[in-house]
Every structure is written in C-alpha cells, then in structure tokens.
There are 2 protein chains.
Amino acid sequence: MSTPPVSRRARPAKAPLSREVIVRTGLDILDRDGLDALTMRRVAKELDTGPASLYVYVANRDDLMAAMLDQALAPVPHTAPPAGTGWRERLHALMRAAIEAMSRHEGLAQVALGAIPTGDNALLVIDRMLALLKEGGLDDTTAAWAVDLLYLHAAAAAAEQSAYDTKAQDEQTAVAAADAHFAALPPDRYPMVTALRGPLFAPGDRDTWGIDVLINGILRTPAG
Amino acid sequence: MSTPPVSRRARPAKAPLSREVIVRTGLDILDRDGLDALTMRRVAKELDTGPASLYVYVANRDDLMAAMLDQALAPVPHTAPPAGTGWRERLHALMRAAIEAMSRHEGLAQVALGAIPTGDNALLVIDRMLALLKEGGLDDTTAAWAVDLLYLHAAAAAAEQSAYDTKAQDEQTAVAAADAHFAALPPDRYPMVTALRGPLFAPGDRDTWGIDVLINGILRTPAG
DNA sequence: GACCGAAGCGAACAGTGTTCGTTACGTACA
DNA sequence: TGTACGTAACGAACACTGTTCGCTTCGGTC
C-alpha cells in the first residue's frame, strides 16, 4: 500500500535465520556484554529482525541457553590429550577443558547444573569420561556414579569461577573484599574461620587439586 | 481528601515490616509456589503492601535471595551430631544437613554458587567444617582448600537435586525421561554411555557416596 | 503543641519473555 | 505463464518484571 514493495531480504547477503546462527549470536552477545544483555530482543536486533522470529527455531530462552551450552562444549571432546600419558592425566585434561569451556561464558555453567545432560557435545564429554574411568579399572557402577560426580563438579567449578570473573571486575578484587570482610569477624563466634583466614585466602592451584581429590577419592571408594 | 483518614495499619495486629519478616515471607512463597512466583510484587502483596516498601529493608532481589539462603541455612550448624562418633561421621552429617537445607528451597542453592559465602549461618557451617577437618588431622592449607571444595559440592548437589525435584513433578519422571532419551542414542557415537546405561540410571545412594569420595580424596591429597 | 526524620507507599519507567494474527516469500504444480 | 500453498518472518500487543521518585503519614522528641 503506502510502503513500496521492497524485498524483505533486499539488503546485501543477509544471512538467513537458523538455529545455529541464533545460538552463535547468543554466545557472541554473552561474551561481549554479559548475561544481562542476553535477551531475546537483543539477539533479534543483532540479527536484524524481531523477537518473534526467533521462536521458529528456539522454543524459549531456556532452550536457547541449553543450545548455547552445548555449542560451548563442542571443542571439549576433541582436546588433544597429552601424548603417551595414562588415563589419569587424560581424564584430568578433559575435566580442565570442560571447566574452562563452561566458565568462559557467563551463566552457562548454571544451565548444566539444572538438567540431566542430553546435548550432543555434553554426551560426548560424558562418553569420554566413562571410557577413561573404565580404562582405569573401575567397575561399571562406580564408573557411572563417578561420571555423575565429575560432571557435577565441572559445572559447579565453572559456575563459581565465571561468577567471580564477571561480578567483580576481576577475581583479585572479589577475593580481597571477602578477605577484608573475614578480617572483621568476631573470633569467638567464628574461631576456625578467623584462625585460618590466611590459608583460606592464600593463592594456589585449587582447581587442579580439586580434580585430584575427586580422582583419588573415586579410586578408593567403590560404589554401592 | 476523599479517603477517610484511617490508620495505615488499621487492620487488626498487622505485623510491621522488617527484614526478617520479608525474608520469611520470601521463603514461604518459594516453598509454596516456586522460584518463578518469587517476585518483589508477590512478596509485597503477601505482606499487604506495595513493592516499594520492601526496598527499605532489602537492597534488591539478589540481596533478598542471599538473606533467604542464610535463613535456610540457620538450622544446619545446630544439627545434633550422632553421639560418640568421630569427626568423619560428624562431617558427613553436617554435609548432608547442608545439602538438605539448600535443596529444600528451589533456586536457593544457585545463589550459594555465585558468591563467596559471607552470611552469618553460612560462615557458621564453614567454621564447623573447618573444626572437624582440623580434628581429622589435616594441615591448615589442606583444611582450607577442603572446606572450599566441600561447600562447593554441597551447593552443587543441592542445586541439582532441587532442580529435579521441581522441574518435573518428581525426580522419578525426570530420570525416566532421560533414560528413554539415552536408550535411543546411537551406540557407535556414544559407546560407553549406551553400554553403561543400566548403571547410569540405576538407583542408589549417590549423595552419601559422593561425600565419602570427597572425604577419602581429601585425606589422601595434601594441598600445594 | 510544633516539628522532623524516617517508614511506607502510589505511580511510573524502562524494560522483559512470549504469543497472536497477518504478511510476504520461494516453490510446486497446473 | 499463472496460481495456489505451506511456512518463515514479522509488527504489535499482553501481562508481567525490578526498581526509583517524590509525596504522605506516622511516632517520638523538643
């Protein structure tokens, strides 16, 4: 009528909508501007369309975030294991890669904590873990329970890390603030916390240690 | 003017606003109607007031949820330990109590994953944990790192459990759905997952086992 | 009896996820 | 060549959300 009949896709080479391009755009926004900026409207605007158009490819925001999580996990199963090493070192590397991948995108790890993993790449990670645990000689039940525990830990460690990375400008600041808060605590009410404030806030490779604790514990704790 | 000058608090024995009553009301709503129902407007309505009034006692929604978490943790430090038992059993009981307390209220455990604990009751829990770990003969650094790991696990385990409790009507249904999904997976792509589907979905006391794994691992993995 | 700090609150702002009904398109077929 | 069709895309709207501003009203103090 009043508007001239221009093609909807008149602009040069505008990529068509698809689930994958939506997921990728979501990850872009998440990395660039954080979790609060990840709205359906923002994703739509980035793709030069309206929010309603996204719902053809994505059931809702939760579905989008689940897909983003799986996309983020994609490189993990293909992490090159340190050559010529045993199952323990390879499992360790896999765990580190999973934590790293999830913690790199704010808020995605929380998604993993809320649902049994069913995504393609999450299942591949779990499959690799199971293979390594079996290689380590564990019986089926212990291996099954262990992979649950390991995956849970990976998600939790990533959630914690990404929260500190983004909420405060850097982890240093957040820890320093908490340290100061602990310093002001009454020792009669919190004797151990105040006494051990030094070690509690001392730097150190806790991620590596945590994974070692889990593997050592799993090896010495048969299920059932 | 037009409205008669009735006392704002004319109704019989209406409780005055306070941080504590707001927190308690929030927990009530959370337990009764779930996380989605926990809005500032809903809390205000329950207290027969407007949303603006809450901000005198609560900085924002996150602050409210943090306070709710700490309130939920209140009974944990006072869990009666099984009489005449060693530090290991008491630590185990403390962990179970913490997981239980956090998982009883949907979404609260996620709060614990996002911040270094500074609440009164959370710190008491941590203090108890540290005391028990020291009683177990651990050095200061290992005890400090261990309490980090234990608290993280408690929050994660609670988050996972409460998600399953509420998203599906009950855990049984959610697990059954995931089991069916796993059954349809191609074995050539996920050999271990499909092979171990039985043990993966078999029932069993994984919470207890998980805590045992952590304690065993901590005892055999000195920090640093 | 006048005053005053603060608690309480009505209304509004700037957004949110999601759905409805309609439009415009590429394709398949006559 | 012309037309019908399934569906992707979309504009507008709905029913909310957290939070803030500035006004009103209260209880307690000089």
Side-chain angles (χ1 to χ4, degrees), chain A residues 1-23 25-26 29-30 33-68 106-108 110-111 114 167, chain B residues 1-23 25-26 29-30 33-68 106-108 110-111 114 167:
Chain A
M1 306 303 173
S2 60
T3 56
V6 185
S7 164
R8 196 179 302 183
R9 290 288 185 234
R11 288 186 227 202
K14 175 168 168 181
L17 245 42
S18 72
R19 186 169 231 262
E20 202 192 314
V21 73
I22 290 173
V23 169
T25 304
I29 295 170
L30 191 64
D33 299 325
L35 185 60
D36 287 349
L38 185 74
T39 70
M40 302 303 273
R41 284 175 158 80
R42 175 70 190 281
V43 174
K45 181 187 263 188
E46 207 97 345
L47 292 168
D48 201 10
T49 183
S53 305
L54 305 178
Y55 286 84
V56 177
Y57 303 97
V58 154
N60 49 42
R61 192 177 185 262
D62 284 352
D63 182 37
L64 171 57
M65 291 201 67
M68 287 167 59
E106 180 192 358
L108 273 198
Q110 305 255 356
V111 176
K167 243 182 197 168
Chain B
M1 306 295 183
S2 61
T3 55
V6 185
S7 164
R8 197 177 301 183
R9 292 284 186 234
R11 289 187 225 202
K14 176 168 169 182
L17 244 40
S18 72
R19 187 169 230 263
E20 202 191 314
V21 74
I22 290 173
V23 169
T25 305
I29 294 170
L30 191 63
D33 298 326
L35 185 60
D36 288 348
L38 185 74
T39 69
M40 301 303 273
R41 282 175 159 80
R42 176 68 191 282
V43 174
K45 180 186 262 187
E46 206 97 343
L47 291 168
D48 202 9
T49 180
S53 305
L54 305 178
Y55 286 83
V56 177
Y57 303 97
V58 154
N60 49 42
R61 191 177 185 261
D62 284 352
D63 181 38
L64 171 58
M65 292 201 67
M68 286 167 61
E106 180 191 357
L108 273 199
Q110 305 256 357
V111 176
K167 242 182 196 166

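Letters A, B, ... are given to chains in the order of the sequence lines, protein chains preceding strands, and every chain is numbered from 1. Predicted model only: the values in this text are computed from it and were never measured.
A search for side-chain contact (heavy atoms from CB on, under 4.5 Å) contacts involving B:Tyr55 returns B:Met40, not counting sequence neighbours. Looking at residues two or more places apart in sequence or on another chain, you find no side chain to side chain donor-acceptor pair (under 3.5 Å) involving A:Thr25. With sequence neighbours excluded, no residue forms a side-chain contact (heavy atoms from CB on, under 4.5 Å) with B:Asp36. When the side chain to side chain donor-acceptor pair (under 3.5 Å) test is applied to B:Asn60, no partner is found at least two apart in sequence or on another chain. In terms of the side chain to side chain donor-acceptor pair (under 3.5 Å) criterion, residue partners of A:Arg42 (sequence neighbours excluded) are, by chain and number, A:Asp33, A:Glu46.
Remark: P of D:dT19 and CG of B:Leu64 are 10 Å apart, rounded to the nearest angstrom. Rounded to an integer number of Å, the gap from CG of B:Asp48 to P of C:dA7 is 20 Å. The interatomic distance linking A:Leu47 (CG) with D:dA9 (C1') rounds to 13 Å, in whole Å. If you take CG of B:Asn60 and C1' of D:dT19, they are 9 Å apart, rounded to a whole angstrom. One interatomic measurement links the two molecules: OH of A:Tyr55 to P of C:dG17, which rounds to 6 Å at whole-angstrom precision. One interatomic measurement links the two molecules: NZ of B:Lys45 to C1' of C:dG10, which rounds to 16 Å at whole-angstrom precision. Separating the CE atom of A:Met40 from the C1' atom of C:dG15 is a distance of 16 Å, rounded to the nearest angstrom. For the pair B:Leu35 CG and C:dG17 P, the computed distance is 16 Å after rounding to whole Å.
For B:Tyr57, a side-chain nitrogen or oxygen approaches OP1 or OP2 of C:dG8 to under 4.0 Å.
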Between the protein and nucleotides 11-16 of chain D, which nitrogen or oxygen pairs are less than 3.5 angstrom apart?
from: D:dA13; atom 1: N6; to: A:Arg41; atom 2: NH2; distance (Å): 3.2

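Positionally, the nearest nucleotide of DNA chain C for A:Arg42 lies more toward the 5' end than for the other of A:Arg42 and A:Ala59.
One distance of note links CG of B:Leu54 with CD1 of B:Ile22; it measures 4.5 Å at 0.5 Å rounding.
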